[in-house]
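Quick notes on the structure that follows.
Naming convention: chains lettered A, B, ... in sequence-line order (proteins, then strands); numbering from 1 in each chain. Worth knowing before you read on, the calculation uses all heavy atoms, side chains too, and leaves out hydrogens, waters and symmetry mates.
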Number of protein chains: 2
Amino acid sequence: MPGILEDADRHCAKTGVRLTPLRRRVLELVAQAGAPVKAYDLLSQIDQTATSAKPPTVYRALDFLMEAGLVHRVEALNAFVACPQAGHGHAAVLYVCESCANVTEVQGSRPGQENKPAGFTVKRSVIEHYGLCADCPHP
Amino acid sequence: MPGILEDADRHCAKTGVRLTPLRRRVLELVAQAGAPVKAYDLLSQIDQTATSAKPPTVYRALDFLMEAGLVHRVEALNAFVACPQAGHGHAAVLYVCESCANVTEVQGSRPGQENKPAGFTVKRSVIEHYGLCADCPHP
DNA sequence: GAGCGGATGTAATAACGTAACGCTTTGACG
DNA sequence: CGTCAAAGCGTTACGTTATTACATCCGCTC
């Protein structure tokens, strides 16, 4: 995952939001992981450098990064992944391998409007597929 | 929501699993709610009848009901809804109104296979759309 | 009745997330 | 430069969500 931080720097400069050192550090940790990371895991990793980070520290950073479109929350895992393309539209579709934990993100093609109930206005979608990726043994 | 419990009885008889009084009671509470319910809300409702239910009681019942295809978990809400059609395929797509909390379930048309990464085998999908239903005021 | 497996009770604790408050930093403006 | 407001962050405390581990009970078969 090369250049995620640089992309983020550029993206934030363009949109006028502040990628502070703390936020950048959290993004770095999420990107390094290359798999879904738990908030409290980030917390303990930050702890090693700073004196003592508390939950709000990391949750605030994650909120910012989600807002900025730099990370996604994996709802069914209570975890977070770095978004490979900073600030695309918010229509991410995630493919999560249950064996190796790798996550592939594809951009949703106007997802889920097929059988939509009449009059429903979609503001946000959670689309996560769980299974086995090509590199993991299929039973 | 008529007949959910009867449907569940029939479905369990057919598939040979045991819908015990406790499990039936939990299903009843979820169905009555007609909206996503939290596990601990169920817990306190059970408490009023039984002496004292503990978290594992309700989580075990919910696990069973999900396994049986009688309830769905709403991942982004940490909540549960009754499934209107007992034990269809597990391809539910949920439309959740953020104003009135009403949930509409539609059966997924082989969801999410469009841009699927090569070689990925989907075992389970989480598809939840959040927004406003037809009956709620659109801003 | 002995033994077995599934279901449930119970206690304790882990994991996840937020509210509220106050201090510090930042950046705009006169 | 001084001041002010807003944003960022530290900290305490707490609330919510979920699981582990072990004990007990119940229905069944032998």
Separation of atom [atom1] in [X] from atom [atom2] in [N], rounded to whole Å:
X: A:Arg24; N: D:dG8; atom1: CZ; atom2: P; result: 17 Å
X: B:Leu65; N: C:dA7; atom1: CG; atom2: P; result: 12 Å
X: A:Leu43; N: C:dC16; atom1: CG; atom2: P; result: 11 Å
X: A:Arg25; N: D:dG10; atom1: CZ; atom2: P; result: 13 Å

Using Watson-Crick and G-U wobble pairs whose two distances are both under 3.5 Å, how do you write the pairing of DNA chain D as dot-bracket, with | for links to another strand? ||||||||||||||||||||||||||||||

Please check: side-chain N/O of B:Glu128 versus main-chain N/O of A:Ser125, any donor-acceptor pairing under 3.5 Å?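 Judged by distance alone, no pair lies under 3.5 Å.
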
Backbone N/O of A:Ala53 and side chain of A:Thr57: donor-acceptor pair under 3.5 Å: no

Reference residue A:Val30; test side chain to side chain contact (heavy atoms under 4.5 Å, CB included); the match among A:Leu42, A:Leu65, A:Ile4: A:Leu42

Validation row: [X], [Y] side chains within 4.5 angstrom (heavy atoms):
X: B:Leu70; Y: B:Arg23; result: no
X: B:Thr20; Y: B:Phe64; result: no
X: A:Leu62; Y: A:Val26; result: yes

Checking C:dA7, C:dA11, D:dC9 against the side chain of B:Lys54 (C-beta onward), the nearest is C:dA11

Looking at D:dG8, C:dT8, D:dG10, which one has an atom nearest to any side-chain atom of B:Arg23? C:dT8

Protein-nucleic acid N or O pairs under 3.5 Å, nucleotides 15-21 of chain D:
unit_1 : atom_1 : unit_2  : atom_2 : d
D:dT17 : OP1    : B:Lys38 : NZ     : 2.8
D:dA18 : OP1    : B:Arg73 : NH1    : 3.1
D:dA18 : OP1    : B:Arg73 : NH2    : 2.3
D:dA18 : OP2    : B:Tyr59 : OH     : 2.8
D:dA18 : O5'    : B:Tyr59 : OH     : 3.4
D:dA18 : N7     : B:Tyr40 : OH     : 2.6
D:dA18 : N6     : B:Tyr40 : OH     : 3.3

Is the shortest side-chain N/O distance from B:Thr57 to OP1 or OP2 of C:dT10 below 4.0 Å?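 False: B:Thr57 side-chain N/O out of range (4.0 Å or more) of C:dT10 OP1/OP2.
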
Taking ILVMFWY side chains as joined if any heavy atoms are under 4.5 angstrom apart, and letting links pass through other members, which residues group with B:Val96? A:Val74, A:Leu77, A:Val81, A:Leu94, A:Val96, A:Val103, A:Val126, A:Tyr130, B:Val74, B:Leu77, B:Val81, B:Leu94, B:Val103, B:Val126, B:Tyr130

Looking at B:Asp7 and B:Arg10, is any side-chain nitrogen of the basic one under 4.0 Å from a carboxylate oxygen of the acidic one?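 Yes.
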
